[in-house]
Amino acid sequence: MNYKRKGHQPILQEQIYRNEDGSRLPVLVFPALNAAGFAQHCFTTRLGGVSDGYLGTLNLSFTRGDDPANVHENFRRVAAVFGKGEDSFVLSCQEHHTNVRRVGREDAGAGVIKPLPWTDVDGLITDEPGIILGTFFADCVPLLFADPVHRAVGASHSGWRGSVSRMGAVTLRRMREEFGTRPADVLCAVGPSICQEHYEVSSDVAECFRKEFPGYEEQILIDKEDGHALLNLWEVCRITLLEAGVPDKNISVTDICTCCNPELLFSHRASRGRRGNFGGFIMIKDV
């Protein structure tokens, strides 16, 4: 598909899977993250599913007005990309906090085939194979983590509140506490999300970022005459990971904006709220 990209060299690559009915299911991947070898990941698009209308077609939210049967079929199709079933997912419950939860086999199916037992978890980590961690987006930033030394992975949701609170660093800290992860070993991905050109924030939000990221104002903010600013969440997340100890060469940053590609990715701003969710997923491969 013809994505509008930021930059000339593609960073995210498209892979095409086939559904049982022969239809195409495109996903986006970072080759650099796949280099870890032990983990599989993908970001879905809004294509390849069965949902209708403004939720078409691969909506992965049960709370946007979709028929639950459609959402289950969409999850089943995504699970097949990983060679798994719906009972392998463990989903976040995103409320723009920085809570990160360790999950495992006992949580399998949470959020898809059984209710979520948590209400405010924006990040998930595991060191157990076969568990598909899932977080959801429509402009906010997906963060994925792969530690090849301790064979652990993480997936986090980072909107502006999570980003100013350094969600990437919080996730790495939890991985260190649970698995012994060293940031210097981790491969990280900043996934498809809204670009600076389309992300205007109020003066009070901009001020929060000036206070949290002193010295980086020119990198992350473009001031407007009305006091608002254009905020670069991609760069905020990259700086956060660098300051947490992740080498620059280990960080892949998206070149695809959701708001620039509303026909291919769900975007809250482009659709003015009439949208579904796409997902960011990562799983440790079975040995």
Side-chain angles (χ1 to χ4, degrees), residues 14-30 33-34 36-52 55-94 101-119 121-138 142 144-146 151-157 189 191 265-266 276-287:
E14 185 180 67
Q15 294 180 352
I16 303 295
Y17 292 83
R18 291 288 177 180
N19 296 314
E20 289 180 356
D21 61 5
S23 60
R24 291 159 52 96
L25 175 61
V27 299
L28 298 169
V29 301
F30 284 104
L33 193 59
N34 279 340
F38 76 101
Q40 179 182 356
H41 79 284
C42 76
F43 303 95
T44 58
T45 72
R46 63 180 301 169
L47 306 179
V50 297
S51 299
D52 298 319
L55 297 168
T57 61
L58 196 71
N59 167 51
L60 295 173
S61 173
F62 288 101
T63 63
R64 308 295 302 184
D66 206 347
D67 183 337
N70 289 342
V71 184
H72 278 290
E73 173 60 18
N74 291 340
F75 270 109
R76 190 192 66 76
R77 294 183 176 200
V78 176
V81 170
F82 291 85
K84 297 292 182 179
E86 286 184 273
D87 58 351
S88 293
F89 286 109
V90 178
L91 307 186
S92 58
C93 185
Q94 299 163 195
R101 184 182 182 93
R102 178 177 181 171
V103 298
R105 178 56 54 189
E106 70 277 8
D107 302 301
V112 182
I113 65 170
K114 63 184 182 183
L116 282 171
W118 46 79
T119 59
V121 172
D122 282 64
L124 301 166
I125 58 175
T126 192
D127 64 350
E128 297 187 31
I131 302 295
I132 308 171
L133 306 182
T135 49
F136 302 93
F137 307 91
L144 296 183
F145 307 80
R151 295 181 64 86
V153 297
S156 292
H157 161 266
L265 294 162
F266 290 111
N277 283 345
F278 70 90
F281 301 96
I282 192 166
M283 180 192 78
I284 300 170
K285 297 176 183 177
D286 294 319
V287 178

Between Val153 and Ala39 the two heavy atoms that sit nearest each other are CG1-CB, 3.9 Å
Note: Leu33 and Ala189 closest approach over all heavy atoms is CD2-CB, 4.0 Å
Write down the atom of Gly276, the atom of Ala138, and the distance for their closest heavy-atom approach. O-CB, 3.8 Å
Does anything in residues 67-78 pair up under salt bridge (charged side-chain N to carboxylate O under 4.0 Å, His left out), and if so which pairs, sequence neighbours excluded? Glu20-Arg76, Asp21-Arg77, Glu73-Arg76, Glu73-Arg77
Work out which heavy atom in Ala36 is nearest to a heavy atom in Ala146; give both atom names and the distance. CB-CB, 4.2 Å
Quick one: side-chain hydrogen bond (donor to acceptor under 3.5 Å, both in side chains) pairs with a partner in residues 37-49, sequence neighbours left out? Asn34-His41
Search all heavy atoms of Thr57 against all heavy atoms of Gly49 and return the closest pair with its distance. OG1-N, 2.9 Å
Is a donor on one side and an acceptor on the other found under 3.5 Å between the side chain of Asn19 and the backbone of Gly48? yes
Strictly distance-based, threshold 3.5 Å: is any side-chain N or O of Asn74 a donor or acceptor partner for the main-chain N or O of Asn59? yes
Which pair of non-hydrogen atoms, one from Arg18 and one from Gly22, has the smallest distance, and what is that distance? NH1-O, 3.0 Å
So, do His72 and Val112 sit near enough that their side-chain heavy atoms are less than 4.5 Å apart? yes
Going by the side-chain hydrogen bond (donor to acceptor under 3.5 Å, both in side chains) test, which pairs reach into residues 107-116, not counting sequence neighbours? none
Would Gln94 and Thr135 count as a side chain to side chain contact (heavy atoms under 4.5 Å, CB included) here? Give the steps. CA-CA 8 Å; Gln94 299 163 195; Thr135 49; 3.5 Å; yes
Check: Glu128/Thr126 side-chain N/O donor and acceptor closer than 3.5 Å: no
One should read off an interatomic distance between Ile131 CD1 and Asp286 CG, to the nearest 0.5 angstrom, of 9.5 Å
For the CG atom of Leu124 and the CZ atom of Arg102, what is their distance to the nearest 0.5 Å? 13.0 Å
According to the interplanar angle, ranging from 0 to 90°, do the rings of Phe278 and Phe137 count as parallel (below 30°), tilted (30 to 60°) or perpendicular (above 60°)? tilted
State, with a plain yes or no, whether a side-chain heavy atom of Val29 is found less than 4.5 Å away from one of Cys42. yes
Check: His157 ring centre within less than 6.0 Å of Phe136 ring centre: no
Just how far is it from atom CG of Asn70 to atom OG of Ser51, taken to the nearest 0.5 Å? 4.5 Å
Atom CZ in Phe281, atom CG in Leu144: separation rounded to 0.5 Å? 10.0 Å
Tell me, with the steps shown, if Phe89 and Leu60 meet side chain to side chain contact (heavy atoms under 4.5 Å, CB included). CA-CA 12 Å; Phe89 286 109; Leu60 295 173; over 6 Å; no
Spacing of CG belonging to Leu47 relative to CG belonging to Leu58, to within rounding of 0.5 Å: 8.0 Å
Lys285 side chain vs Gly37 backbone, donor-acceptor pair below 3.5 Å: yes
Once you round to the nearest 0.5 Å, how far does CG of Asn277 lie from CG of Leu265? 12.0 Å
Report yes if the side chains of Phe43 and Pro142 come closer than 4.5 Å at any heavy-atom pair, otherwise no. yes
